[in-house]
Amino acid sequence: MKFASWNVNGLRARLKKDFMPAFKKLDADIFAVQEIKMQSGEAIIELDGYKQFWNYGERKGYSGTAIFSRIEPKNFTRGIGVDEFDREGRIITLDFGEFFFVNVYVPNSHNLEWLARRMSWENSFREYLTALDRQKPVIVCGDFNVAHQPIDLKNPESNHHSAGFSDEEREKFSELLNAGFVDIFRKLNPTLTGAYTWWSYLRKARLTNAGWRIDYFLISERLIDNAAAATIESEIFGSDHCPVTLTFEL
C-alpha cells in the first residue's frame with residue numbers, strides 16, 4: 001500500500017497545471033493534501049476509483065485538508081474536538097479497520113506571535129493521537145510546521161529562534177514521538193542530509209536547496225516493521241512544498 005502527502009498551498013491553483021501530473025505519477029492508494037485554501041463547490045475533481053473526503057475551513061482562502069482514497073474506510077471524521085482548531089479544517093481521520101489514517105495541517109506559529117496558540121494545539125493534537133493509538137495503530141501525515149532536528153533544515157544556526165525551529169515547537173514534536181510514534185523517514189534515513197520538503201519562495205531557496213523538512217509521516221511504533229520505504233519527492237514542483245510518500249506492507 002502506498003500513501004502520499006502534499007501541502008499544495010492552494011488546490012485550485014495546483015489543479016490548473018501541477019496537481020494531476022503529480023497525482024498520477026505518485027499513484028498512491030491514499031493521497032492526502034493540506035492547505036487546500038478552498039470551500040465546498042469551488043472545484044470539482046474527477047478521480048476515477050477514488051473516494052473523496054474533505055474538511056474545509058470556515059475562513060475563505062485559508063487552511064483546509066482532503067484525502068483521496070482507493071480504499072473505502074469504515075468511518076470518516078473531521079477535527080479533534082477543539083472548536084478553535086476544528087473551524088479551520090485541519091484534520092481528517094479515516095478508520096480503515098486495521099489502522100487509523102490521519103491527515104493534518106498543523107498551525108503555523110507566525111514569527112512566534114502565535115506560539116501560545118501553537119502550544120495549545122500541540123497538547124490537544126497529541127492527546128487526540130494517543131487516544132486513537134490506544135484503540136489501534138495510527139498512520140498520520142501532513143505539514144507539521146516544524147523541523148525537528150538540525151539535520152532537518154539547511155541553516156539551523158541562523159534559524160534557531162525562528163517559527164518552525166523554536167525550542168518550544170521542537171520539544172512538542174519530541175513529546176509526540178515519545179508518546180509512541182516514529183518519524184519513519186528519519187528512522188529509515190538516519191543520517192541523510194539535504195532532505196527537505198519546503199523551500200521559501202524568497203531568495204530562490206529551492207534552487208540552492210536551502211530548505212526545511214516539515215512534512216512527515218509518523219506511525220505507531222508497533223508498525224515499524226511494516227514500513228518498506230519513505231521518500232521525499234523533491235522533483236515534483238508547483239507548491240512551495242513537495243510531496244512525501246510512505247510504502248507500507250499490511
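Ion pair Asp83/Arg87 flagged as a salt bridge, since at least one NZ, NE, NH1 or NH2 atom sits closer than 4.0 Å to an Asp/Glu carboxylate oxygen. Ion pairing of Glu122 with Arg118 is present here, as a side-chain N (NZ or NE/NH1/NH2) and a carboxylate O approach within less than 4.0 Å. Ion pair Glu98/Lys136 not flagged as a salt bridge, since none of the NZ, NE, NH1 or NH2 atoms sits closer than 4.0 Å to an Asp/Glu carboxylate oxygen. Salt-bridge check for Asp133 with Arg222: passed, with a basic side-chain N closer than 4.0 Å to an acidic carboxylate O.
Side-chain N/O atoms of Ser166 and Glu169 include a donor and acceptor closer than 3.5 Å.
Here the straight-line distance linking atom OG1 of Thr197 with atom CZ of Phe185 works out to 9.5 Å at 0.5 Å rounding.
Annotation: salt bridge (charged side-chain N to carboxylate O under 4.0 Å, His left out) contacts of Lys172 (sequence neighbours excluded): Glu175. When the side chain to side chain donor-acceptor pair (under 3.5 Å) test is applied to Ser174, the partners found at least two apart in sequence or on another chain are His148. Every salt bridge (charged side-chain N to carboxylate O under 4.0 Å, His left out) that Arg117 has, sequence neighbours left out, goes to Glu84, Glu88. Remark: Phe144 engages Phe173, Tyr216 in a ring pair (Phe, Tyr, Trp, His ring centres under 6.0 Å) (not counting sequence neighbours).
In the hydrophobic clustering, Ile151 connects to no other residue, as no ILVMFWY side-chain heavy atoms lie under 4.5 Å from its own.
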Show me the donor-acceptor pairs, under 3.5 Å and distance only, between side chains in residues 13-26 and residues at least two apart or in other chains.
{"from": "Arg14", "atom 1": "NH1", "to": "Val8", "atom 2": "O", "distance (Å)": "2.7"}
{"from": "Arg14", "atom 1": "NH1", "to": "Asn9", "atom 2": "O", "distance (Å)": "3.2"}
{"from": "Lys25", "atom 1": "NZ", "to": "Glu235", "atom 2": "OE2", "distance (Å)": "3.2"}

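A cation-pi geometry, defined here as NZ or CZ lying under 6.0 Å from the six-membered ring centre and within 45° of its normal, does not hold between Arg213 and Tyr196.
Partner of Phe85 under the ring-ring contact (aromatic ring centres under 6.0 Å, His included) criterion, out of Phe125, Tyr128, Trp121, Trp114: Trp121 alone.
Shown here is Asp225, whose CG atom has no more than 12 heavy atoms of other residues, nucleotides or ligands within 6.0 Å.
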